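Data first, discussion second: the structure below is written as structure tokens.
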Amino acid sequence: VQLQASGGGLVQAGGSLRLSCTASEITFAKYTVDWYRQAPGKQRELVAHISRGGSRDYADSAKGRFTISRDNAGNTAYLQMNSLKPEDTAVYSCHIKWGSVDYWGQGTQVTVSS
């Protein structure tokens, strides 16, 4: 199984980025999807979650600015991030889970300049 995260980069405060997480060799629809982030010197933080049925939950820091979505046919999940702030700077990783089976993608760096 491969889980590929992409879409990070450098953006000015107030800007937007869309992260993608694409899986291979699995039935993606069976899995829940989470986006995590970890900033230097800080603990990893759950940013957004989407269930198999499409229900969404967000960290307070992400509510109103970030949107998680999924395209099961394309084996891909997305994290649309708007109104980015310097404190959103972190490595963002996707995580999928089905029962006791889970996979992590490699991180993608998001840097927001002030």
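Model, not experiment: these values are computed from the prediction. Below, each value reflects all heavy atoms present in this structure, side chains not excepted, and no hydrogens, waters or symmetry copies. Residue indices begin at 1 and follow the sequence shown.
Nearest heavy atom pair, residue Val33 against residue Ala77, reads CG1-CB, 3.7 Å. Nearest heavy atom pair, residue Ser93 against residue Gly105, reads CB-O, 4.1 Å. Smallest separation of non-hydrogen atoms from Ala48 and Leu79: CB-CD1, 4.0 Å. Nearest heavy atoms, Ser20 versus Thr76: CB-CG2, 4.3 Å.
Under the side-chain hydrogen bond (donor to acceptor under 3.5 Å, both in side chains) criterion, His95 pairs with Asp34, Asp102, not counting sequence neighbours. Every residue was checked against the side-chain hydrogen bond (donor to acceptor under 3.5 Å, both in side chains) condition with Gln106, not counting sequence neighbours, and none meets it. Scanning for side chain to side chain contact (heavy atoms under 4.5 Å, CB included) contacts around Ser113 gives Leu10, Gln12, with sequence neighbours left out. Looking at residues two or more places apart in sequence or on another chain, you find no ring-ring contact (aromatic ring centres under 6.0 Å, His included) involving Phe28. Residues satisfying the side-chain hydrogen bond (donor to acceptor under 3.5 Å, both in side chains) criterion with Asn72, sequence neighbours excluded, are Arg70. In this view, Lys42 satisfies the salt bridge (Lys or Arg N to Asp or Glu O under 4.0 Å) rule with no residue, not counting sequence neighbours.
Between the side chains of Thr111 and Gln109, at least one donor N or O sits under 3.5 Å from an acceptor N or O. At a cut-off of 3.5 Å, with distance as the only test, no side-chain donor of Asn75 or Thr22 sits close to an acceptor on the other residue.
Interatomic distance, CD of Gln80 versus OG of Ser69, reported as 8.0 Å (0.5 Å rounding). To the nearest 0.5 Å, atoms OH (Tyr92) and CG (Leu19) are separated by 7.5 Å. Note that OG1 of Thr108 is 9.0 Å distant from CD of Gln4, once rounded to the nearest 0.5 Å. Atoms CG and CE, from Leu17 and Met81 in turn, are 5.0 Å apart once rounded to the nearest 0.5 Å. The distance from the CD1 atom of Ile50 to the OG1 atom of Thr67 is 10.0 Å, given to the nearest 0.5 Å.
Sorted by first and then second residue, the disulfide bond (SG atoms under 2.5 Å apart) pairs involving residues 22-52 (not counting sequence neighbours) form an empty list. Pairs passing the salt bridge (charged side-chain N to carboxylate O under 4.0 Å, His left out) check and including a residue from residues 74-84, sequence neighbours excluded, do not occur. Each disulfide bond (SG atoms under 2.5 Å apart) pair with one or both residues in residues 10-114, not counting sequence neighbours, appears once here: Cys21-Cys94. Pairs passing the salt bridge (charged side-chain N to carboxylate O under 4.0 Å, His left out) check and including a residue from residues 44-58, sequence neighbours excluded, read Arg37-Glu45. Applying the ring pair (Phe, Tyr, Trp, His ring centres under 6.0 Å) test to pairs two or more places apart or on separate chains, none has a residue in residues 50-84.
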- prompt: Between Leu84 and Asn82, is a side-chain contact (heavy atoms from CB on, under 4.5 Å) present by the stated rule, with each step listed?
  reply: CA-CA 5 Å; Leu84 283 162; Asn82 300 326; over 6 Å; no
Begin with the C-alpha distance, continue with both residues' side-chain angles, and end with the deciding distance and a verdict on side-chain contact (heavy atoms from CB on, under 4.5 Å) for Ile68 and Trp35. CA-CA 8 Å; Ile68 188 171; Trp35 282 99; 3.6 Å; yes
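Remark: Lys85 does not engage Asp88 in a salt bridge, criterion side-chain N to carboxylate O under 4.0 Å.
Side-chain atoms of Leu3 and Ile96, non-hydrogen and from C-beta on, do get closer than 4.5 Å to each other.
Crowding of Gln38 atom CD: a count of heavy atoms from other residues, nucleotides or ligands under 6.0 Å exceeding 12.
The hydrophobic cluster around Leu46 extends to Tyr36, Trp104, counting ILVMFWY residues whose side-chain heavy atoms fall within less than 4.5 Å of a member.
Looking only at distances, no side-chain donor or acceptor of Ser83 sits under 3.5 Å from a matching main-chain atom of Gly14. A distance-only check finds no donor-acceptor pair linking the side chain of Thr27 to the backbone of Ala29 [under 3.5 Å].
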